[in-house]
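For clarity, every value in this text was computed on a predicted model and none was experimentally measured.
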Amino acid sequence: MTIRVKVLGCRRLVLLFLFLGLLLEAQAGKIRYSVPEETDKDFFVGNIAKDLGLQPQELAERGVRIVSRGRTQLFALNPRSSSLVTAGRIDREELCAQSLQCLVSFNVLVEDKMKLFPVEVEIMDINDNTPQFQLEEVEFKMNEITTPGTRITLPSGQDLDVGMNSLQMYQLSSNPHFSLDVQQGSDGSQQPEMVLQSPLDREEDAVHRLLLTAFDGGNPVRSGTLRIRVQVVDANDNPPAFTQAQYHTSVPENVPLGTRLLTVKATDPDEGANGEVTYLFHNIDHKVAQIFHLDSYTGEISNKKPLDFEEYTVYPMEIQAQDGSSLVARAKVLVKVLDINDNAPEVTITSVTTAVPENFPPGAIIALISVHDQDSGDNGHTTCSISGNLPFKLEKLDDNYYRLVTERTMDRELTSQYNITVTAADQGTPTLSTETHISLQVTDINDNSPVFLQDSYSTYIPENNPRGAAIFSVTAHDADSNENARVTYSLVEDTIHGVPLSSFVSINSDTGVLYALRSFDYEQFRDLQLRVMARDSGDPPLSSNVSLAIFVLDQNDNTPEILYPALPTEGSTGVELAPPSAEPGYLVTKVVAVDRDSGQNAWLSYRLLKASEPALFSVGLHTGEVRTARAVMDRDALKQSLVVAVEDHGQPPLSATVTLTVAMADSIPDVLADLGSMEPSANLDNSSLTLYLVVAVAAVSCVFLAFVIVLLALRLRHWHRTRLLQASGGGLAGVPVSHFVGVDGVRAFLQTYSHEVSLTADSRGSHVTFPPPNYADTLISQESHEKKDFLSAPQFLLEDRKQTFSQMSSVGMLFHLGTFEKVKIV
């Protein structure tokens with residue numbers, strides 16, 4: 001490990017010396033090219049690979065790229081041709097205005113060696129601009145007594161090109177009164193002047209129209225024209241005169257809009273309109289004219305747009321004063337702009353590394369940063385720093401370059417990502433600064449084992465669970481990331497009652513969810529103890545485990561078992577005895593039941609579900625004791641049937657029933673004797689009653705069948721007559737069918753009804769008893785509803801529970817014809 005650290009240190013020193021060497025070499029000489037303006041994209045500029053001493057294929061391999069500062073990228077590298085080409089159309093006038101020489105400077109970075117090569121490209125001018133005048137037409141007023149030799153200064157033309165492509169000469173159209181004289185300025189500029197050659201005569205010619213043409217020296221020659229209109233007026237012998245030949249003022253570049261910068265003043269001794277002076281701009285650059293405003297009456301000059309020291313340090317302009325007779329005077333105005341600290345430093349990330357491992361050594365280079373400020377003096381001097389307690393530092397290089405390096409080792413588990421804020425500040429007043437952010441991702445190494453949220457877990461599962469049901473979910477977290485943090489789960493091998501643990505439960509290796517492989521039974525075992533292992537996917541993998549206890553909860557899955565009374569067997573009657581003289585509260589018998597479940601699921605309660613005489617007996621809610629609720633009366637039947645329900649308190653509750661037969665006698669022989677004496681009478685009554693009912697049902701059925709036959713015959717006859725009328729086409733064809741007899745009535749008479757009458761054997765042949773809605777009736781009603789009869793319809797409810805048997809003969813008259821009476825003997 002010591003040898004490795006020393007080797008890495010030596011490599012960093014070598015890289016540092018190489019980088020310092022390339023900066024020294026970059027200052028030794030520059031690569032120069034030239035290219036004409038207005039060329040197409042990808043126009044060849046120069047063989048950059050050859051001038052850098054590289055092979056063509058090395059441009060991409062060594063990461064060669066252009067590094068420029070604060071402007072649009074004008075040039076690009078073509079790796080296929082190993083050449084420097086244009087990145088788009090270049091307009092020299094837009095880039096360098098009217099400077100004689102237009103140079104574009106940038107650096108070429110060989111990234112693998114961190115070496116910079118300065119490059120200068122001169123943009124050559126072509127004749128792509130036509131000479132232009134600021135106005136299309138200008139008007140002058142001249143007094144007719146103006147002496148010959150008077151000069152009138154004409155507006156100068158402007159050509160954005162330079163050299164021979166710029167404006168070279170003027171030409172005035174032929175006129176007997178005027179000629180053209182071009183004055184050469186000290187700066188080489190040409191000022192056209194119109195000279196009066198002969199006296200003017202307003203009566204002879206009041207208006208003179210001339211044409212001034214400006215020509216450049218390009219190939220082909222381009223030209224622009226100005227129309228001149230000379231209005232001849234009466235005498236005005238005094239032109240305006242400025243108080244100063246030249247005006248100067250200095251203002252800061254942040255002066256508010258609309259501020260009065262200075263005032264020019266011109267006077268004219270003439271009177272009236274000849275002495276009224278107005279002011280206007282003359283021979284001023286169109287950009288300057290858009291920035292300043294001149295009051296034509298007061299001569300006040302103010303700014304209507306912000307001033308920019310970085311664009312113009314001095315704004316030159318010429319002011320013309322003109323009286324009412326168009327005599328003019330001119331003065332120059334120079335507005336000097338004072339620099340203020342209005343430009344924040346520009347920060348450019350030249351090269352950056354976005355991800356490093358957490359064991360990255362100190363001193364490694366993260367980024368190469370360039371800082372530049374467009375202001376001048378102290379306003380343009382910059383410093384660069386990083387904020388916060390971060391494991392990084394900035395090292396300054398030459399030419400306002402900095403490099404960001406690591407200062408100490410990093411821990412991804414403490415900080416996985418650094419947002420480094422680089423602040424560049426100037427030394428102006430007030431200080432301006434710019435912040436740029438570098439996002440650095442710290443990549444992971446596998447140095448953390450999975451960790452469970454708890455030291456141990458416990459969970460509960462109800463018995464009788466479905467196979468494959470999810471039991472519990474365990475989660476382990478790994479502080480690492482990506483594959484080092486991907487955790488898989490497994491069960492530690494074990495046995496339960498000699499059976500492998502894997503036959504009881506399984507675990508999803510990805511989610512940690514445990515599933516039941518079988519249905520658990522609380523009555524067999526009540527808990528499972530197991531261990532879960534979590535392992536990451538690093539190299540080498542790290543693991544940890546945790547204990548899990550699964551407790552089985554009891555469910556209400558066992559129905560109560562009735563131990564007493566048992567079903568009748570050979571040698572036993574299954575009949576309980578109650579003496580006729582029993583008082584209320586007499587203990588007849590006791591129902592005994594048990595439940596295999598536990599807790600609330602095993603708590604039992606007893607209730608009387610159905611009885612021949614519900615008011616005669618009661619059942620203890622918790623004891624199951626069957627006792628008499630009242631004294632036995634003579635009208636009570638000798639044999640009583642009781643249905644007792646035993647129900648637990650589970651959710652949902654389960655129940656069982658038992659049927660008890662209670663004989664109202666002191667002994668079994670007494671019961672048999674009483675039943676034998678009643679049987680002949682009962683059978684006689686039943687047979688007589690059955691005969692009457694069968695005869696009544698047969699008679700009603702015959703009447704209903706005859707009625708249906710008559711209706712069908714009427715229906716066929718009606719259908720036959722309708723067909724005959726339709727065939728004959730008579731006047732009855734338009735009569736609705738519903739007007740004929742019997743059409744709508746058939747459906748009503750075809751309805752059938754079914755009524756169920758229950759008769760008991762103890763009605764004594766004179767009454768029909770409709771039993772009250774007790775438990776026995778409920779069972780009978782359910783049984784009757786299970787029968788499917790295509791003639792049956794919904795039953796009508798009878799308001800009276802008892803009717804005399806003599807009224808049965810009129811039952812058929814209470815319903816419509818076609819009603820079917822179903823009589824059931826109980």
Query raised in the report: What pairs of residues pass the side-chain hydrogen bond (donor to acceptor under 3.5 Å, both in side chains) test when at least one of them lies in residues 437-448, not counting sequence neighbours?
Result: Arg412-Asp444, Glu413-Asn448, Gln417-Ser439, Thr421-His437, Asp444-Asn484, Asn448-Asp480
**Report entry** Step-by-step side chain to side chain donor-acceptor pair (under 3.5 Å) determination, Asn464 to Asp557
**Finding:** CA-CA 8 Å; Asn464 302 321; Asp557 59 342; 2.7 Å; yes
Taking C-beta and beyond as the side chain, do [X] and [Y] meet within less than 4.5 Å on heavy atoms?
X: Asn465; Y: Phe520; result: yes
X: Ser641; Y: Leu660; result: no
X: Phe452; Y: Val474; result: yes
X: Leu577; Y: Val662; result: no
X: Arg62; Y: Glu111; result: no
X: Val646; Y: Thr657; result: no
X: Leu548; Y: Ser456; result: no
X: Ile366; Y: Phe360; result: yes

Requested in this report: Evaluate the criterion side chain to side chain contact (heavy atoms under 4.5 Å, CB included) for residue pair Ile461 and Leu553; output intermediate values, then yes/no.
Outcome: CA-CA 6 Å; Ile461 180 174; Leu553 298 178; over 6 Å; no
Query raised in the report: Within the distance-only criterion (no hydrogens, no angle test), does the side chain of Thr406 pair as donor or acceptor with the backbone N or O of Gly363 below 3.5 angstrom?
Result: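 It does hold such a pair.
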Query raised in the report: Can you tell me if His649 uses its side chain to pair, donor with acceptor, with the backbone of Trp603 under 3.5 Å?
Result: yes
Report task. Given side chain to side chain contact (heavy atoms under 4.5 Å, CB included), test Ile420 with Leu404 step by step and report yes or no. Result -> CA-CA 10 Å; Ile420 307 168; Leu404 180 67; 3.8 Å; yes
Could you state the interatomic distance from [atom1] ([X]) to [atom2] ([Y]), rounded to the nearest 0.5 Å?
X: Ile365; Y: Ser351; atom1: CD1; atom2: OG; value: 9.0 Å
X: Asp478; Y: Asp536; atom1: CG; atom2: CG; value: 5.0 Å
X: Ser473; Y: Leu514; atom1: OG; atom2: CG; value: 8.0 Å
X: Ile349; Y: Leu368; atom1: CD1; atom2: CG; value: 9.0 Å
X: Phe551; Y: Thr459; atom1: CZ; atom2: OG1; value: 9.5 Å
X: Ser449; Y: Leu542; atom1: OG; atom2: CG; value: 4.0 Å

Which heavy atom of [X] sits nearest to which heavy atom of [Y], and what is that distance?
X: Pro560; Y: Ala656; result: O-CB, 3.5 Å
X: Thr423; Y: Ser433; result: CG2-CB, 4.1 Å
X: Ser544; Y: Pro450; result: OG-O, 2.6 Å
X: Pro580; Y: Asp666; result: CD-OD1, 3.7 Å
X: Glu613; Y: Arg630; result: OE1-NH2, 4.2 Å
X: Val546; Y: Gln454; result: CG2-O, 3.5 Å

Quiz: residues 582-596 side-chain donor-acceptor pairs under 3.5 angstrom, not counting sequence neighbours:
unit_1: Asp595; atom_1: OD1; unit_2: Asp597; atom_2: N; d: 2.9

Side-chain donor-acceptor pairs of residues 503-510 under 3.5 Å, sequence neighbours excluded:
unit_1: Ser503; atom_1: OG; unit_2: Pro500; atom_2: O; d: 2.7
unit_1: Asn508; atom_1: OD1; unit_2: Asp510; atom_2: N; d: 2.9
unit_1: Asn508; atom_1: OD1; unit_2: Thr511; atom_2: N; d: 3.2

Query raised in the report: Is the shortest side-chain N to carboxylate O distance from Lys393 to Glu407 below 4.0 Å?
Result: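 Between Glu407 and Lys393 there is no salt bridge, as every charged N stays at least 4.0 Å from the carboxylate O atoms.
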Query raised in the report: Does the pair Tyr418 and Val442 meet the rule for a side chain to side chain contact (heavy atoms under 4.5 Å, CB included), with working shown?
Result: CA-CA 8 Å; Tyr418 290 95; Val442 182; 3.6 Å; yes
Query - Crowding at CZ, Arg486 (>12 non-hydrogen neighbours, <6.0 Å) - result: no
Query raised in the report: If you count the non-hydrogen atoms of other residues, nucleotides and ligands that lie under 6.0 Å from CG in Asp455, is the total more than 12?
Result: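 No, CG of Asp455 has 12 or fewer neighbouring heavy atoms, counting only those of other groups under 6.0 Å.
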Show me the side-chain donor-acceptor pairs of residues 526-535 shorter than 3.5 Å, one per line, residues at least two apart or across chains.
unit_1: Arg526; atom_1: NH1; unit_2: Tyr522; atom_2: OH; d: 3.0
unit_1: Arg531; atom_1: NH2; unit_2: Asn545; atom_2: OD1; d: 2.6

Report summary line: For Phe472, the ring pair (Phe, Tyr, Trp, His ring centres under 6.0 Å) test, sequence neighbours excluded, returns Tyr457
Show me the donor-acceptor pairs within less than 3.5 Å that the side chains of residues 490-497 make with the rest of the protein, sequence neighbours left out.
none

**Report entry** Step-by-step side chain to side chain contact (heavy atoms under 4.5 Å, CB included) determination, Glu463 to Asp554
**Finding:** CA-CA 6 Å; Glu463 65 171 334; Asp554 181 43; 2.6 Å; yes
